[in-house]
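Per chain, numbering begins at 1; letters A, B, ... match sequence-line order. Heavy-atom basis, side chains included; hydrogens, waters and symmetry copies ignored.
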There are 2 protein chains.
Amino acid sequence: MKVKSRIWIEKDNTPFLGYGRIQLLKEVDKTHSMSAAAKSLNMSYKKAWRLLNEINSSAKEPVLEKQIGGKDGGGTYITPYGKGLIKRFENLNQACVTFLEAEFKKW
Amino acid sequence: MKVKSRIWIEKDNTPFLGYGRIQLLKEVDKTHSMSAAAKSLNMSYKKAWRLLNEINSSAKEPVLEKQIGGKDGGGTYITPYGKGLIKRFENLNQACVTFLEAEFKKW
DNA sequence: TATCGCTATATTTACAAAAACATAACGAAC
DNA sequence: GTTCGTTATGTTTTTGTAAATATAGCGATA
(Lines give C-alpha, C1' and ligand atoms only; values in the text may rest on other atoms or scores of the structure.)
Protein backbone atom coordinates (compact mmCIF):
# COMPACT_ATOMS: atom_id res chain seq x y z
CA MET A 1 0.00 0.00 0.00
CA LYS A 2 1.30 3.40 -0.90
CA VAL A 3 -0.14 6.85 -1.34
CA LYS A 4 0.06 8.66 -4.65
CA SER A 5 -0.80 12.19 -5.65
CA ARG A 6 -1.09 14.58 -8.49
CA ILE A 7 -1.12 18.32 -8.05
CA TRP A 8 -1.84 21.02 -10.58
CA ILE A 9 -2.41 24.73 -10.71
CA GLU A 10 -5.52 26.28 -12.18
CA LYS A 11 -6.24 29.75 -13.43
CA ASP A 12 -9.91 30.66 -13.85
CA ASN A 13 -10.82 27.02 -13.27
CA THR A 14 -8.85 25.80 -16.24
CA PRO A 15 -5.58 23.85 -16.02
CA PHE A 16 -2.47 25.98 -16.06
CA LEU A 17 0.38 23.78 -14.89
CA GLY A 18 0.49 20.10 -14.09
CA TYR A 19 2.82 17.17 -14.27
CA GLY A 20 2.54 16.65 -18.04
CA ARG A 21 2.96 20.32 -18.88
CA ILE A 22 6.04 20.55 -16.70
CA GLN A 23 7.56 17.55 -18.46
CA LEU A 24 6.91 19.28 -21.74
CA LEU A 25 8.42 22.58 -20.65
CA LYS A 26 11.53 20.79 -19.44
CA GLU A 27 11.89 19.01 -22.74
CA VAL A 28 11.51 22.25 -24.67
CA ASP A 29 14.19 23.75 -22.46
CA LYS A 30 16.46 20.86 -23.32
CA THR A 31 15.83 20.72 -27.07
CA HIS A 32 14.99 24.35 -27.90
CA SER A 33 12.18 23.03 -30.09
CA MET A 34 8.48 22.34 -29.61
CA SER A 35 8.49 19.63 -32.27
CA ALA A 36 11.55 17.86 -30.87
CA ALA A 37 10.09 18.01 -27.36
CA ALA A 38 6.82 16.53 -28.57
CA LYS A 39 8.57 13.70 -30.37
CA SER A 40 10.74 12.96 -27.37
CA LEU A 41 7.63 12.61 -25.21
CA ASN A 42 5.76 10.58 -27.85
CA MET A 43 3.20 13.35 -28.10
CA SER A 44 1.75 14.82 -31.27
CA TYR A 45 3.16 18.18 -32.21
CA LYS A 46 -0.32 19.60 -32.26
CA LYS A 47 -1.01 18.65 -28.68
CA ALA A 48 2.32 20.01 -27.50
CA TRP A 49 1.66 23.21 -29.37
CA ARG A 50 -1.77 23.59 -27.78
CA LEU A 51 -0.53 22.91 -24.25
CA LEU A 52 2.43 25.25 -24.55
CA ASN A 53 0.27 28.01 -25.93
CA GLU A 54 -2.23 27.59 -23.13
CA ILE A 55 0.58 27.93 -20.63
CA ASN A 56 2.07 30.90 -22.36
CA SER A 57 -1.16 32.81 -22.67
CA SER A 58 -2.24 32.18 -19.08
CA ALA A 59 1.02 33.11 -17.46
CA LYS A 60 1.39 36.68 -16.38
CA GLU A 61 4.84 36.87 -17.94
CA PRO A 62 6.03 35.13 -21.12
CA VAL A 63 7.22 31.57 -20.61
CA LEU A 64 8.26 30.88 -24.20
CA GLU A 65 10.31 32.79 -26.69
CA LYS A 66 9.61 31.58 -30.18
CA GLN A 67 11.57 32.04 -33.35
CA ILE A 68 9.51 31.36 -36.47
CA GLY A 69 11.46 30.87 -39.69
CA GLY A 70 15.15 31.54 -39.96
CA LYS A 71 18.12 29.49 -40.98
CA ASP A 72 17.15 26.42 -39.00
CA GLY A 73 13.42 26.99 -39.35
CA GLY A 74 13.17 28.51 -35.92
CA GLY A 75 12.97 27.22 -32.37
CA THR A 76 11.50 27.80 -28.94
CA TYR A 77 13.24 28.83 -25.74
CA ILE A 78 12.12 28.97 -22.12
CA THR A 79 12.41 32.38 -20.51
CA PRO A 80 14.03 32.81 -17.09
CA TYR A 81 10.52 33.34 -15.73
CA GLY A 82 9.50 30.01 -17.26
CA LYS A 83 12.46 28.25 -15.72
CA GLY A 84 11.43 29.67 -12.38
CA LEU A 85 7.93 28.28 -12.85
CA ILE A 86 9.31 24.82 -13.49
CA LYS A 87 11.46 24.93 -10.40
CA ARG A 88 8.72 26.27 -8.16
CA PHE A 89 6.23 23.68 -9.34
CA GLU A 90 8.65 20.84 -8.78
CA ASN A 91 9.44 22.12 -5.31
CA LEU A 92 5.76 22.30 -4.43
CA ASN A 93 5.15 18.83 -5.78
CA GLN A 94 8.08 17.38 -3.89
CA ALA A 95 6.90 19.02 -0.68
CA CYS A 96 3.50 17.43 -1.18
CA VAL A 97 4.94 13.98 -1.78
CA THR A 98 7.13 14.22 1.29
CA PHE A 99 4.24 15.41 3.42
CA LEU A 100 1.94 12.65 2.25
CA GLU A 101 4.46 9.91 2.78
CA ALA A 102 5.05 11.08 6.32
CA GLU A 103 1.31 11.24 6.98
CA PHE A 104 0.73 7.87 5.42
CA LYS A 105 2.99 6.20 7.95
CA LYS A 106 0.22 6.78 10.47
CA TRP A 107 -2.15 4.89 8.20
CA MET B 1 -4.52 30.88 -9.37
CA LYS B 2 -5.11 28.01 -7.04
CA VAL B 3 -3.56 24.66 -6.38
CA LYS B 4 -5.55 21.46 -6.77
CA SER B 5 -4.74 17.89 -5.89
CA ARG B 6 -5.89 14.34 -6.09
CA ILE B 7 -4.59 11.62 -3.86
CA TRP B 8 -5.18 7.91 -4.05
CA ILE B 9 -3.93 4.73 -2.46
CA GLU B 10 -2.50 1.89 -4.50
CA LYS B 11 -2.01 -1.73 -3.69
CA ASP B 12 0.37 -3.66 -5.95
CA ASN B 13 0.42 -0.66 -8.29
CA THR B 14 -3.29 -0.76 -8.96
CA PRO B 15 -5.79 1.76 -7.62
CA PHE B 16 -7.34 0.83 -4.31
CA LEU B 17 -8.98 3.97 -2.94
CA GLY B 18 -9.43 7.38 -4.49
CA TYR B 19 -11.84 10.26 -4.50
CA GLY B 20 -14.45 8.58 -6.70
CA ARG B 21 -14.39 5.31 -4.83
CA ILE B 22 -14.81 7.08 -1.52
CA GLN B 23 -17.83 8.95 -2.88
CA LEU B 24 -19.27 5.64 -3.93
CA LEU B 25 -18.66 3.97 -0.59
CA LYS B 26 -20.30 6.86 1.21
CA GLU B 27 -23.32 6.63 -1.02
CA VAL B 28 -23.61 2.89 -0.44
CA ASP B 29 -23.42 3.57 3.27
CA LYS B 30 -26.28 6.03 2.90
CA THR B 31 -28.54 3.95 0.66
CA HIS B 32 -27.63 0.37 1.64
CA SER B 33 -27.63 -0.48 -2.05
CA MET B 34 -25.07 -0.61 -4.81
CA SER B 35 -27.62 0.14 -7.48
CA ALA B 36 -29.13 3.08 -5.62
CA ALA B 37 -25.66 4.48 -4.97
CA ALA B 38 -24.74 4.19 -8.63
CA LYS B 39 -27.91 5.95 -9.72
CA SER B 40 -27.40 8.72 -7.19
CA LEU B 41 -23.91 9.36 -8.57
CA ASN B 42 -25.05 9.10 -12.21
CA MET B 43 -22.83 6.09 -12.65
CA SER B 44 -23.73 2.84 -14.37
CA TYR B 45 -24.48 -0.03 -12.03
CA LYS B 46 -21.82 -2.08 -13.73
CA LYS B 47 -19.09 0.45 -13.03
CA ALA B 48 -20.12 0.80 -9.42
CA TRP B 49 -20.18 -2.96 -9.05
CA ARG B 50 -16.69 -3.28 -10.54
CA LEU B 51 -15.21 -0.54 -8.37
CA LEU B 52 -16.78 -1.82 -5.18
CA ASN B 53 -15.62 -5.35 -5.85
CA GLU B 54 -12.10 -4.17 -6.53
CA ILE B 55 -12.10 -2.36 -3.22
CA ASN B 56 -13.52 -5.30 -1.38
CA SER B 57 -11.11 -7.83 -2.77
CA SER B 58 -8.03 -5.68 -2.21
CA ALA B 59 -8.80 -4.70 1.35
CA LYS B 60 -7.36 -6.89 4.03
CA GLU B 61 -10.68 -6.98 5.83
CA PRO B 62 -14.16 -6.98 4.27
CA VAL B 63 -15.49 -3.55 3.42
CA LEU B 64 -18.88 -4.63 2.12
CA GLU B 65 -21.49 -6.96 3.43
CA LYS B 66 -23.79 -8.07 0.67
CA GLN B 67 -27.20 -9.61 0.87
CA ILE B 68 -28.22 -11.26 -2.38
CA GLY B 69 -31.87 -12.09 -2.74
CA GLY B 70 -34.30 -11.84 0.12
CA LYS B 71 -37.49 -9.96 0.70
CA ASP B 72 -36.28 -6.68 -0.77
CA GLY B 73 -33.98 -8.30 -3.29
CA GLY B 74 -30.99 -7.74 -1.08
CA GLY B 75 -28.69 -4.86 -0.30
CA THR B 76 -25.16 -3.88 0.57
CA TYR B 77 -23.78 -2.53 3.82
CA ILE B 78 -20.47 -0.99 4.78
CA THR B 79 -18.64 -2.78 7.57
CA PRO B 80 -17.20 -0.87 10.52
CA TYR B 81 -13.78 -1.46 8.96
CA GLY B 82 -15.04 0.11 5.73
CA LYS B 83 -16.36 3.12 7.59
CA GLY B 84 -12.96 3.51 9.16
CA LEU B 85 -11.34 3.47 5.74
CA ILE B 86 -13.61 6.25 4.55
CA LYS B 87 -12.84 8.39 7.54
CA ARG B 88 -9.09 7.82 7.36
CA PHE B 89 -8.97 8.59 3.66
CA GLU B 90 -10.91 11.78 4.09
CA ASN B 91 -8.65 12.86 6.91
CA LEU B 92 -5.55 12.23 4.82
CA ASN B 93 -7.03 14.08 1.88
CA GLN B 94 -8.01 17.04 4.01
CA ALA B 95 -4.56 17.19 5.53
CA CYS B 96 -3.07 17.27 2.05
CA VAL B 97 -5.36 20.07 0.90
CA THR B 98 -4.59 22.13 3.97
CA PHE B 99 -0.87 21.59 3.57
CA LEU B 100 -0.90 22.53 -0.10
CA GLU B 101 -2.92 25.66 0.42
CA ALA B 102 -0.51 26.85 3.07
CA GLU B 103 2.48 26.08 0.84
CA PHE B 104 0.86 27.75 -2.12
CA LYS B 105 0.73 31.06 -0.29
CA LYS B 106 4.48 31.25 -0.77
CA TRP B 107 3.97 30.88 -4.52
C1' DT C 1 -43.79 -21.90 -4.89
C1' DA C 2 -44.45 -17.18 -6.77
C1' DT C 3 -42.87 -12.61 -6.19
C1' DC C 4 -39.76 -8.86 -5.91
C1' DG C 5 -35.82 -5.93 -6.18
C1' DC C 6 -31.34 -6.46 -5.73
C1' DT C 7 -26.66 -8.43 -7.19
C1' DA C 8 -23.95 -10.49 -11.12
C1' DT C 9 -22.09 -10.42 -15.71
C1' DA C 10 -21.77 -10.54 -20.91
C1' DT C 11 -22.50 -8.02 -25.18
C1' DT C 12 -23.30 -4.12 -27.92
C1' DT C 13 -23.40 0.76 -28.84
C1' DA C 14 -22.01 5.61 -28.38
C1' DC C 15 -18.96 9.21 -27.66
C1' DA C 16 -15.22 12.06 -26.63
C1' DA C 17 -10.45 12.51 -26.65
C1' DA C 18 -6.34 11.64 -29.01
C1' DA C 19 -3.81 10.68 -32.96
C1' DA C 20 -2.93 10.95 -37.80
C1' DC C 21 -2.80 13.43 -41.80
C1' DA C 22 -2.37 17.44 -44.56
C1' DT C 23 -0.88 21.96 -45.65
C1' DA C 24 0.26 26.82 -45.06
C1' DA C 25 3.38 30.43 -43.29
C1' DC C 26 7.65 32.17 -41.88
C1' DG C 27 12.39 34.30 -42.49
C1' DA C 28 17.59 33.85 -42.17
C1' DA C 29 21.14 32.36 -45.09
C1' DC C 30 23.09 31.24 -49.26
C1' DG D 1 14.47 33.97 -54.98
C1' DT D 2 15.21 29.07 -53.36
C1' DT D 3 15.88 26.10 -49.64
C1' DC D 4 15.17 24.37 -45.09
C1' DG D 5 13.25 23.05 -40.68
C1' DT D 6 10.43 24.99 -37.65
C1' DT D 7 5.90 26.95 -36.03
C1' DA D 8 0.79 27.25 -37.05
C1' DT D 9 -3.73 25.31 -37.79
C1' DG D 10 -7.62 22.87 -40.02
C1' DT D 11 -9.65 18.26 -41.19
C1' DT D 12 -10.23 13.42 -40.87
C1' DT D 13 -9.59 8.96 -38.68
C1' DT D 14 -8.78 5.99 -34.86
C1' DT D 15 -9.19 4.20 -30.53
C1' DG D 16 -10.02 3.50 -25.84
C1' DT D 17 -13.35 4.28 -22.29
C1' DA D 18 -17.88 4.70 -20.66
C1' DA D 19 -22.66 3.99 -21.19
C1' DA D 20 -26.59 1.35 -22.68
C1' DT D 21 -28.80 -2.85 -23.14
C1' DA D 22 -29.93 -7.46 -21.95
C1' DT D 23 -30.47 -11.30 -19.06
C1' DA D 24 -29.54 -14.61 -15.38
C1' DG D 25 -29.31 -15.79 -10.37
C1' DC D 26 -30.52 -15.26 -5.71
C1' DG D 27 -33.41 -16.14 -1.40
C1' DA D 28 -36.46 -14.28 2.48
C1' DT D 29 -41.17 -13.67 2.80
C1' DA D 30 -45.86 -14.33 2.05
Side-chain angles (χ1 to χ4, degrees), chain A residues 4 6 8 10 13-59 62-79 82, chain B residues 4 6 8 10 13-59 62-79 82:
Chain A
K4 298 269 190 164
R6 276 294 170 95
W8 67 96
E10 291 188 358
N13 293 316
T14 59
F16 169 55
L17 269 189
Y19 181 79
R21 292 172 188 225
I22 289 292
Q23 293 284 101
L24 187 54
L25 285 175
K26 286 167 75 176
E27 207 59 29
V28 170
D29 192 30
K30 211 184 284 177
T31 60
H32 310 308
S33 158
M34 294 172 64
S35 62
K39 176 174 285 186
S40 152
L41 296 175
N42 277 93
M43 178 187 296
S44 70
Y45 170 76
K46 190 183 174 116
K47 182 176 181 183
W49 175 84
R50 199 196 79 233
L51 292 175
L52 289 165
N53 274 8
E54 279 180 21
I55 295 167
N56 210 33
S57 61
S58 294
V63 171
L64 307 173
E65 203 163 308
K66 299 178 185 179
Q67 241 177 338
I68 302 171
K71 77 170 173 182
D72 294 321
T76 301
Y77 301 84
I78 307 291
T79 63
Chain B
K4 298 269 190 164
R6 276 294 169 95
W8 67 96
E10 291 189 358
N13 294 315
T14 60
F16 168 55
L17 268 189
Y19 182 77
R21 292 171 188 225
I22 289 292
Q23 293 284 102
L24 186 54
L25 286 175
K26 287 168 74 175
E27 206 60 29
V28 169
D29 191 30
K30 211 184 284 177
T31 59
H32 309 308
S33 156
M34 294 171 64
S35 62
K39 177 175 283 188
S40 152
L41 295 175
N42 278 94
M43 179 188 294
S44 70
Y45 171 77
K46 186 180 177 123
K47 183 176 182 184
W49 175 85
R50 199 195 83 233
L51 293 175
L52 289 166
N53 275 7
E54 280 181 20
I55 295 167
N56 211 33
S57 60
S58 294
V63 171
L64 306 174
E65 205 164 307
K66 299 178 184 181
Q67 241 176 339
I68 302 172
K71 79 170 172 183
D72 295 322
T76 301
Y77 301 85
I78 308 290
T79 63

Do any N or O atoms from the side chain of A:Asn56 and from the backbone of A:Val63 form a donor-acceptor pair under 3.5 angstrom?
yes
Report the distance from atom OH of A:Tyr45 to atom P of C:dA24, rounded to the nearest whole Å.
16 Å
Treating B:Thr79 as the side-chain partner and B:Leu64 as the backbone partner, does any N or O pair qualify as donor plus acceptor under 3.5 Å?
no
Report the nucleotide, chosen from C:dT9, D:dA8, C:dT7, that has the shortest atom-to-atom distance to any side-chain atom of B:Trp49.
C:dT9
Rounded to whole angstrom units, what separation is found between the NE2 atom of B:His32 and the C1' atom of C:dG5?
16 Å
C:dT7 P sits how many Å from B:Leu51 CG, rounded?
14 Å
To the closest 0.5 Å, what do you measure between OH (B:Tyr77) and NZ (B:Lys66)?
14.0 Å
Does a side-chain N or O of B:Thr76 approach OP1 or OP2 of C:dT7 to a distance below 4.0 Å, or not?
yes
Could you state the CG-P distance from B:Leu64 to C:dC6, rounded to the nearest angstrom?
16 Å
Short side-chain to backbone donor-acceptor contact, A:Thr31 and A:Glu27, under 3.5 Å
yes
Distance test, side-chain N/O of A:Ser33 to OP1/OP2 of D:dT6, below 4.0 Å
no
Will you find, in the side chains of B:Lys4 and A:Asn13, an N or O donor that is under 3.5 Å from an N or O acceptor?
no
Nearest 0.5 Å, what's the OG1-CD distance between B:Thr14 and B:Glu10?
7.0 Å
Contact string for nucleotides 17-30 of chain D, one letter per nucleotide 5' to 3', B = base within protein heavy-atom range under 4.0 Å, S = sugar-phosphate only, - = neither, reads --S------BBBS-
